[in-house]
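Scope of the values below: all heavy atoms of this structure, side chains included, with no hydrogens, waters or symmetry mates.
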Amino acid sequence: SFFTTETQVHEIFSRCGVVKQIIMGLDRIHKTPCGFCFVEFEKREEAEDAMKYLNQTRLDDRIIRLDWDKGNVLAENRQYGRGLSGGQVRD
């Protein structure tokens with residue numbers, strides 16, 4: 001959801017393990033949440049548990065979809081999403 005907070009994300013994902021970092025996705029222009037985030041765990045096994053138990057569940061009345069990130073989460077501007085426009089758009 002565009003209104004889900006980092007606290008809510010932490011609350012649900014910490015059920016699977018120690019959350020090392022959460023990066024909330026932001027609209028590149030308005031700097032407002034745009035419906036995605038990166039969650040990094042201390043251990044890979046904890047991330048695997050999150051994929052197993054949380055994928056396709058509900059958070060903030062929306063179904064969440066988990067994917068493995070193939071890029072560098074810590075890279076500059078990753079929180080602005082994909083493509084030139086940012087957000088969840090793939091352009």
message = List the residues meeting side chain to side chain contact (heavy atoms under 4.5 Å, CB included) with Phe3, not counting sequence neighbours, and say none if there are none.
response = Ser1, Asp60

request  = Under the side chain to side chain contact (heavy atoms under 4.5 Å, CB included) rule, collect the residues that match up with Ala50, sequence neighbours excluded.
outcome  =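 Partners of Ala50 under the side chain to side chain contact (heavy atoms under 4.5 Å, CB included) test: Phe13, Cys16, Phe41, Leu54, Leu66.
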
key: Which residues share a side chain to side chain donor-acceptor pair (under 3.5 Å) with Thr5, sequence neighbours left out   =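 With sequence neighbours excluded, Thr5 shows a side chain to side chain donor-acceptor pair (under 3.5 Å) to Gln8, given in chain and number order.
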
remark   = Residue set satisfying side chain to side chain donor-acceptor pair (under 3.5 Å) with Glu48, at least two apart, ordered chain then number -> Arg44

query = What residues, two or more places apart in sequence or in another chain, satisfy salt bridge (charged side-chain N to carboxylate O under 4.0 Å, His left out) together with Lys20?
reply =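 Testing Lys20 for salt bridge (charged side-chain N to carboxylate O under 4.0 Å, His left out), a comparison that skips the adjacent residues, returns Glu40.
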
request  = Mind checking salt bridge (charged side-chain N to carboxylate O under 4.0 Å, His left out) for Glu6 and listing every partner two or more places apart, or none if nothing turns up?
outcome  =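 Not a single residue meets the salt bridge (charged side-chain N to carboxylate O under 4.0 Å, His left out) criterion with Glu6.
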
ask   = Do Tyr53 and Val18 belong to the same hydrophobic cluster, where Ile, Leu, Val, Met, Phe, Trp and Tyr are linked whenever their side-chain heavy atoms lie under 4.5 Å apart, directly or via other members?
value = no

request  = For Val9 and Met24, run side-chain contact (heavy atoms from CB on, under 4.5 Å): C-alpha distance rounded to whole Å, both residues' side-chain angles, the deciding distance at 0.1 Å, then the answer.
outcome  = CA-CA 9 Å; Val9 172; Met24 299 297 286; 4.3 Å; yes

query = For the residue pair Arg15 and Glu11, what are the closest heavy atoms and their distance?
reply = CG-O, 3.7 Å

task = Assess whether side-chain contact (heavy atoms from CB on, under 4.5 Å) is satisfied between Val19 and Val39, documenting all intermediate values.
result = CA-CA 7 Å; Val19 174; Val39 178; 4.1 Å; yes

Distance, nearest 0.5 Å, that separates [atom1] of [X] from [atom2] of [Y]:
X	Y	atom1	atom2	answer
Thr57	Ile63	OG1	CD1	9.0 Å
Met51	Gln56	CE	CD	10.0 Å
Leu26	Cys37	CG	SG	11.0 Å

query = Yes or no on side-chain contact (heavy atoms from CB on, under 4.5 Å) for Asp69 and Phe38, after CA distance, side-chain angles and deciding distance?
reply = CA-CA 8 Å; Asp69 183 51; Phe38 297 100; 3.7 Å; yes

request  = Under the side-chain contact (heavy atoms from CB on, under 4.5 Å) rule, what do Arg62 and Leu59 come out as? Steps first, then yes or no, please.
outcome  = CA-CA 5 Å; Arg62 307 254 323 198; Leu59 174 60; over 6 Å; no

